[in-house]
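What follows is one structure encoded as structure tokens, with my remarks underneath.
We count ligands from 1, going down the list as the structure has it; atoms in each ligand are counted the same way.
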Amino acid sequence: MPRYQPQPSDRFTFGLWTVGHTGRDPFGEPTRAPLSAPEVVRLVAEAGAAGVNFHDNDLVPIDASPAERDRIVRDFRAALDETGLTVPMATTNLFSDPAFRDGAFTNPDPAVRALALQKTMGAIDLGVELGAETYVFWGGREGTEVDAGRDVVDGLKWFREAINYLLAYCADNGYDLRFALEPKPNEPRGDIFLPTVGAMLAFIETLDDPDRVGVNPEVAHETMAGLNVTHAVAQAWDAGKLFHIDLNDQNPGRYDQDFRFGAHNPKAAFHLVRFLEGVGYDGPLHFDAHAYRTSDPEDVKAFAAGCMRTYLVLKEKAEQFAQDDEIQALLAEVTGTDDAQGAGLVGPYSTDGAAALRAHDFDRAALGRRGRPYERLDQLTTDLLLGVR
Ligand code: GLT
Ligand code: MN
Ligand code: MN
């Protein structure tokens, strides 16, 4: 088998909207013809992916008749059966239609909030019908440009009401679906509510059934917020909330780029892969990215293959990192304690322990003299990533 050839067991997935992206942007018309859902399925299956994800309207147009819906779903299912691809995740488009111009679940108009719930229940039915186990909520329009226009606490209350309603809908219908909330700081709104993984994690605890709700961190979104995505993912993992992940890349301070995974910051991508592989994350590895507007259909295939190849290369690099004696020795040096000063002083609180700690005589100057070889560690990491190690 060729090196870095993705297999279904690698759990790589693509959204219909990613590989099917036509190159349209706020300044320009499409540069590529649209692909039908079965065409996307065949393309990503050939490239070695395990599954595809979709928004309701990526698959079924918003105005489709019931007969059209059934035909589209039948053709899609036939392509899935033919290729063996699965649908691990589904979601709702609550951002394209003008009705949602001022938000969906957080729209001040209760009629729009009700429409958003109705649309999402239909989309959940569709996702469950096709085997989805995770349902993503990305609140693209849930935000503001004008702070005078919205009480943020109202926005949060309405968002909570919507998620609680939909949790109850799933319970009522016996759907074993987990929800994954996806934060993003801005675009397409000036500011989007619950802008980071940390904010989402805190919000989840206020829901009626928090155990069924986790997060879907996206590399580009945390990067847009100026944050370290691996730290965000680690916090989600620590909270037992890493239900899904959107892999792509982003240059901070730019527009919402959704670049091929690892295209901009391979070192950050390496640390993310090293984390995911190290902790044994076993959910889908979803590429929420799209090819450059300059790409032709052949180049779109290269884009899809590139996302997966980079992940697999970085996974191999992570193994190399773990087996590198010099790197491991430096890691032991930076993480270990080099003297007896700290031994036995920290741990769970006890009255006696606290008294002993209060009485302990630290050699603070000695602690302050101890350097950390992070330059050496990072250079070895850089050498390893650049292929000279
Ligand atoms: C849109 C967004 C993504 C979300 C998708 C799911 S849609 O492409 O930019 O980050 O994951 O709604
Ligand atoms: Mn994005
Ligand atoms: Mn995403």
*If every non-hydrogen atom of L126 is compared with every non-hydrogen atom of V60, which pair is closest and at what distance?*
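Reported closest heavy-atom pair: CD2-CG2, 4.2 Å.
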
*Decide yes or no on side-chain hydrogen bond (donor to acceptor under 3.5 Å, both in side chains) for H244 and N216, but give the supporting numbers first.*
CA-CA 5 Å; H244 199 268; N216 179 33; 2.9 Å; yes

_Can you tell me which N/O/S atom of E218 has the shortest distance to the Mn ion (ligand 2)?_
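Among the N, O or S atoms of E218, the one closest to the Mn ion (ligand 2) is OE2.
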
*Give a yes/no on ligand 1: does V136 have at least one heavy atom closer than 4.0 angstrom to it?*
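Distance cut 4.0 Å: V136 fails for ligand 1.
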
*asked:* I'd like the name of whichever of E218, H55, E187 reaches closest to atom 10 (O) of ligand 1 through any heavy atom.
replied: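 Checking each option, the heavy atom nearest atom 10 (O) of ligand 1 is found in E218.
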
*Just let me know how D246 lines up against ligand 1, side chain, backbone, both or neither, with a heavy-atom cut-off below 4.0 Å.*
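Near ligand 1, D246 shows its side chain, while the N, CA, C and O stay back.
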
Identify the protein heavy atom lying closest to [atom], giving its residue, its atom name and the separation to 0.1 Å.
atom	result
atom 3 (C) of ligand 1	D288 OD2, 2.9 Å
atom 1 (C) of ligand 1	W138 CZ3, 3.8 Å
atom 8 (O) of ligand 1	W17 NE1, 3.3 Å

*For E182, what is the atom name of its N, O or S atom nearest to the Mn ion (ligand 3)?*
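Atom name of the closest N, O or S in E182: OE2.
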
*Side chains of T382 and Q379: closer than 4.5 Å at any heavy-atom pair?*
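Of all side-chain heavy-atom pairs linking Q379 with T382, at least one is under 4.5 Å.
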
*Is the side chain of Y175 donor-acceptor paired with the backbone N or O of R178 at a distance under 3.5 Å, no angle test?*
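Between the backbone of R178 and the side chain of Y175 there is no qualifying donor-acceptor contact (under 3.5 Å).
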
*Is D256 close to ligand 1, meaning an N/O of one under 3.5 Å from an N/O of the other?*
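It does not: no N or O of D256 is found under 3.5 Å from an N or O of ligand 1.
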
*N/O separation below 3.5 Å, H221 to ligand 1*: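 Yes; the residue has a nitrogen or oxygen that sits under 3.5 Å from a nitrogen or oxygen of the ligand.
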
*Counting backbone and side-chain atoms alike, does D246 have an N/O/S atom under 2.8 Å from the Mn ion (ligand 2)?*
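Given the 2.8 Å cut-off, D246 does not count as a ligand of the Mn ion (ligand 2).
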
*Heteroatom N/O/S of D288 within less than 2.8 Å of the Mn ion (ligand 2)*: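 Of the N, O and S atoms in D288, none lies under 2.8 Å from the Mn ion (ligand 2), which means no.
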
*Assign the ring pair F259 / Y292 to parallel, tilted or perpendicular, where the plane angle (0 to 90°) is split at 30° and 60°.*
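Geometry flag for Y292 against F259: perpendicular rings.
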
*In terms of heavy-atom contacts, does CZ of F275 have more than 12 from other residues, nucleotides or ligands at under 6.0 Å?*
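More than 12 within 6.0 Å, yes.
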
*Would you find more than 12 non-hydrogen atoms of other residues, nucleotides or ligands less than 6.0 Å from E133 atom CD?*
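No, the 6.0 Å shell around CD holds no more than 12 heavy atoms from other groups.
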
*asked:* Is a donor from one side chain sitting under 3.5 angstrom from an acceptor on the other, for D25 and Y255?
replied: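 Their side chains do not contain a donor-acceptor pair, so the 3.5 Å distance test is not met.
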
*So, Y169 and D125: side-chain donor and acceptor under 3.5 Å apart, yes or no?*
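The criterion, which ignores hydrogens and geometry beyond distance, is satisfied for D125 and Y169.
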
*At the Mn ion (ligand 2), what angle lies between atom NE2 of H221 and atom OD1 of D258, rounded to 10 degrees?*
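For NE2 of H221 and OD1 of D258, the angle centred on the Mn ion (ligand 2) reads 150°.
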
*With heavy atoms of E182 as the reference, note each atom of ligand 1 found under 4.0 Å away.*
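Listed by number with element, the hits are 3 (C), 4 (C), 10 (O), 11 (O).
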
